[in-house]
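The structure under discussion appears below in the form of structure tokens.
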Amino acid sequence: MRKVLRLAQREYLAAVRTKGFIIGLLLAPILMSGGLIAMVLLKDHVDTTDKRVAVLDRTGTIAPALIEAAEKRNAQEVHDEATGKKVKPAYLIEVVEPRAADPQAQRLELSERVRSGQLHAFLDIGAEVYHPVKDSPASRVDYYAKNPAMDDLRRWIAGPLNERLRQRRLADAGITPEQVKGVFDYLPVGSMGLVAQDAKTGEVIAGRRRHEAEAVVAPMLSQILMFLLFMMGAAPLLQAVMEEKSQRIAEVLLGSASPFQIMLGKLMGGVAVSFTASAVYVFGAIFALSSLALGQYIPYRILPWFFAFLLLAVLMYGSIMAALGSACSDSKDAQNLQLPAMMPVIIPMFLLGPLLKEPHSALATGLSLFPPFTPMMMLLRQSTPEGVPWWQPTLGLVGVFLFTIAAVWLSGRVFRVGILMQGKLPKFSELLRWAIRG
Amino acid sequence: MKGINATNAVELETVTKTFGKTAAVADLSLAVPAGSIYGFIGPNGSGKTTTLRMIMGIFYPDRGSVCVLGEPVRQANLDRVGYLPEERGLYKRMKVREILRFYGELKAGHSVRREVDLWLEKLGLAEHGNKKIEALSKGMSQKVQFIATVVAQPQLLVLDEPFSGLDPVNAEAIRSAILELRRQGTTVILSTHDMNVAETLCDFIFMIFQGRKVLDGTLTAIQDQYGSDTVRVRTEDGAGALEGLAGVEAVRDLGQRQELRLTRGTDPQDVLCAILSRTRVRSFELAKPSLHDIFVRIARPADQEDDHA
């Protein structure tokens with residue numbers, strides 16, 4: 001055990017002392033929440049150049065409403081009230097008389113004006129939009145721009161346009177706006193957790209209002225965090241073992257410790273690395289959320305599970321990585337094996353979307369009980385607001401525990417043979433033979 | 001002759017190790033007396049490294065037994081053995097002192113801070129202690145590797161080619177370190193391709209060829225097996241004058257001097273007369289065959305390779 005600890009200590013220090021680890025430690029959460037931080041940072045860096053949009057109004061009655069709405073918006077939103085600084089672009093509507101003769105030629109002309117920068121976009125309002133007929137081109141409103149799909153102006157203009165259509169349709173039906181005041185008010189449906197009863201006091205506990213982010217953020221982060229810690233603690237073992245083998249360090253170590261001790265030392269080093277990183281992240285997140293008064297959203301109940309799964313995951317994946325590393329003779333071999341070796345953690349990442357949507361489906365339950373996927377998938381499902389029945393993580397943990405023992409034992413046997421083997425990368429069947437026969 | 005010390009540091013008993021269908025080592029028995037320097041020689045691929053690895057418990061023999069320091073090979077007694085593999089391995093990004101402490105403590109189980117500083121001083125590396133391995137010259141990292149092997153004060157040293165790639169100054173430093181350790185009672189097993197090292201440094205020489213033991217004993221005992229069948233001669237006309245001499249089995253041209261191997265029963269006086277009839281002789285010496293010559297005699301028929309010899 002003394003040797004295992006000494007080997008683990010070296011492994012740990014070699015990993016955490018590198019600049020890469022420290023940069024990775026800081027960079028990973030930045031990348032993870034990159035979108036959010038970028039949004040906050042870039043919020044004030046909006047392009048404030050005015051945007052001119054041409055409107056081909058084939059009804060002849062909608063454009064004035066758009067101009068009015070644009071002027072109102074320009075007066076209210078473009079400049080910061082307090083500082084007077086321009087914070088948003090003004091929207092300028094230019095009405096263009098539609099030519100009945102050749103609409104396509106006119107669209108081309110306007111497109112050229114967009115290309116040359118005179119216009120930001122142009123809007124083509126069909127003649128029959130007030131009372132649209134299905135599949136009729138005249139019942140469409142089309143927005144033409146260089147990048148129309150991601151365009152704030154397109155999203156904005158739909159508001160006043162539809163408001164105008166609604167007013168006109170009401171008027172056509174002989175209804176005055178006063179008569180229907182409040183008719184179009186929209187009410188959201190609140191998301192509430194279930195009402196429960198305290199087993200001891202019998203007190204009924206009201207369901208808590210659940211935030212949409214709660215159903216997504218915590219489960220997503222738990223899985224991404226597990227992936228990240230795998231990348232820090234287990235994945236580097238493949239490269240590290242390959243290097244020790246190709247640089248002949250392995251034989252020096254073998255003169256001092258058994259192959260199993262060497263592998264175990266490396267695994268424990270990996271566990272220590274990922275626990276260091278996870279401690280930084282978990283306690284950092286608790287501190288950050290608490291100081292933002294969001295402490296109620298921290299799923300404390302899954303923290304012990306998180307660390308238990310993390311420990312086993314690093315041992316399980318790490319041992320496989322070390323075994324594969326021992327089979328490689330150079331970095332090319334290692335690169336070839338890297339991707340297949342990472343499949344157990346990549347697949348859950350691909351399934352992140354469906355899992356978040358339906359964390360309790362039979363498929364999600366089944367996959368999360370498959371040991372290689374359990375650490376990531378079970379944790380994700382546990383992090384959902386309603387959690388999972390207690391037996392599932394328990395069964396999952398037992399499964400992972402047994403699988404980990406098998407993985408470490410078999411990998412130890414592969415490691416023992418592989419570490420002294422030189423030459424070409426062994427076939428999968430050979431690796432299996434080493435694992436079974438030792 | 002193996003009576004220097006009553007106990008043996010290493011004992012191999014009819015050891016066989018095969019890889020696939022090839023027997024790397026076959027029926028090998030060997031006893032290395034404690035406190036001696038034992039030289040392993042043999043052509044490349046003859047089984048030296050496999051034997052050393054079995055002594056280190058890295059390979060297990062298929063048959064036979066290996067005892068190290070009085071016990072079957074186990075991790076516990078291997079902690080008293082220092083091992084320098086043929087291919088050197090050091091973590092390039094670690095500092096000299098760190099790596100030496102790591103290797104030392106792995107074996108010794110306690111801090112070896114003092115020993116590390118002592119050895120760095122002894123081999124002239126004291127001022128390089130805080131450098132990374134990647135910043136060292138080849139000779140320096142060889143010396144670091146040697147220190148890593150001896151820093152835990154092992155009772156047995158297993159050195160696979162300890163002098164390869166070293167310049168004469170560094171080689172001399174390692175040679176004196178080995179001799180000093182032997183004086184302190186350390187047993188040393190070293191493999192070498194340098195016959196001069198084997199002849200001058202080793203108490204016993206063991207030669208393995210195609211997995212089998214072909215020589216084992218002191219240099220004198222080995223040479224006695226071959227008798228005084230070698231003539232070292234220096235003539236005015238060099239090797240050209242020695243061609244086709246009766247009773248001469250082989251001529252080894254060393255440039256300024258030639259070594260003649262006589263066929264069994266040849267009288268050296270007859271050979272001298274024959275040479276004198278051809279050229280003027282400057283020196284003529286009757287000698288036992290050198291280790292190099294013996295090595296080549298054994299290994300040549302199957303293996304022409306004697307570049308390192």
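Here is the naming used below: chain letters follow the sequence lines, and residue numbers restart at 1 for every chain.
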- Message: Test side chain to side chain contact (heavy atoms under 4.5 Å, CB included) on Thr187(B) and Ser36(B); report intermediate values, then the result.
- Response: CA-CA 5 Å; Thr187(B) 309; Ser36(B) 66; 4.3 Å; yes

- Query: Checking Tyr91(B) against chain A: side chain, backbone, both or neither under 4.5 Å from a heavy atom?
  - Reply: both

- Of the backbone (N, CA, C, O) and the side chain (C-beta and beyond), which part of Leu7(A) lies under 4.5 Å from a heavy atom of chain B, both, or neither? both

- Query: Between Ile249(A) and Tyr103(B), is a side chain to side chain contact (heavy atoms under 4.5 Å, CB included) present by the stated rule, with each step listed?
  - Reply: CA-CA 11 Å; Ile249(A) 296 165; Tyr103(B) 281 139; 3.4 Å; yes

- Query: Relative to chain A, which segment of Gln145(B) carries a heavy atom at a distance below 4.5 Å: side chain, backbone, both, or neither?
  - Reply: side chain

- Query: Checking heavy atoms, do the side chain of Arg2(A), its backbone, both or neither come under 4.5 Å from chain B?
  - Reply: side chain

- Which answer fits Leu90(B), side chain, backbone, both or neither, if we ask what part of it has an atom under 4.5 Å from a heavy atom of chain A? backbone

- Parallel under 30°, tilted from 30 to 60°, perpendicular over 60°: which one fits the rings of Trp119(B) and Phe146(B)? perpendicular

- Query: So, do Phe307(A) and Phe275(A) have ring centers that fall under 6.0 Å from each other?
  - Reply: yes

- Message: Please tell me whether Phe59(B) and Phe19(B) form a close aromatic pair, meaning their ring centres lie under 6.0 Å apart.
- Response: yes

- Task: With a 4.5 angstrom heavy-atom cut-off, could you sort out which part of Gln261(A) is near chain B: side chain, backbone, both or neither?
- Result: side chain

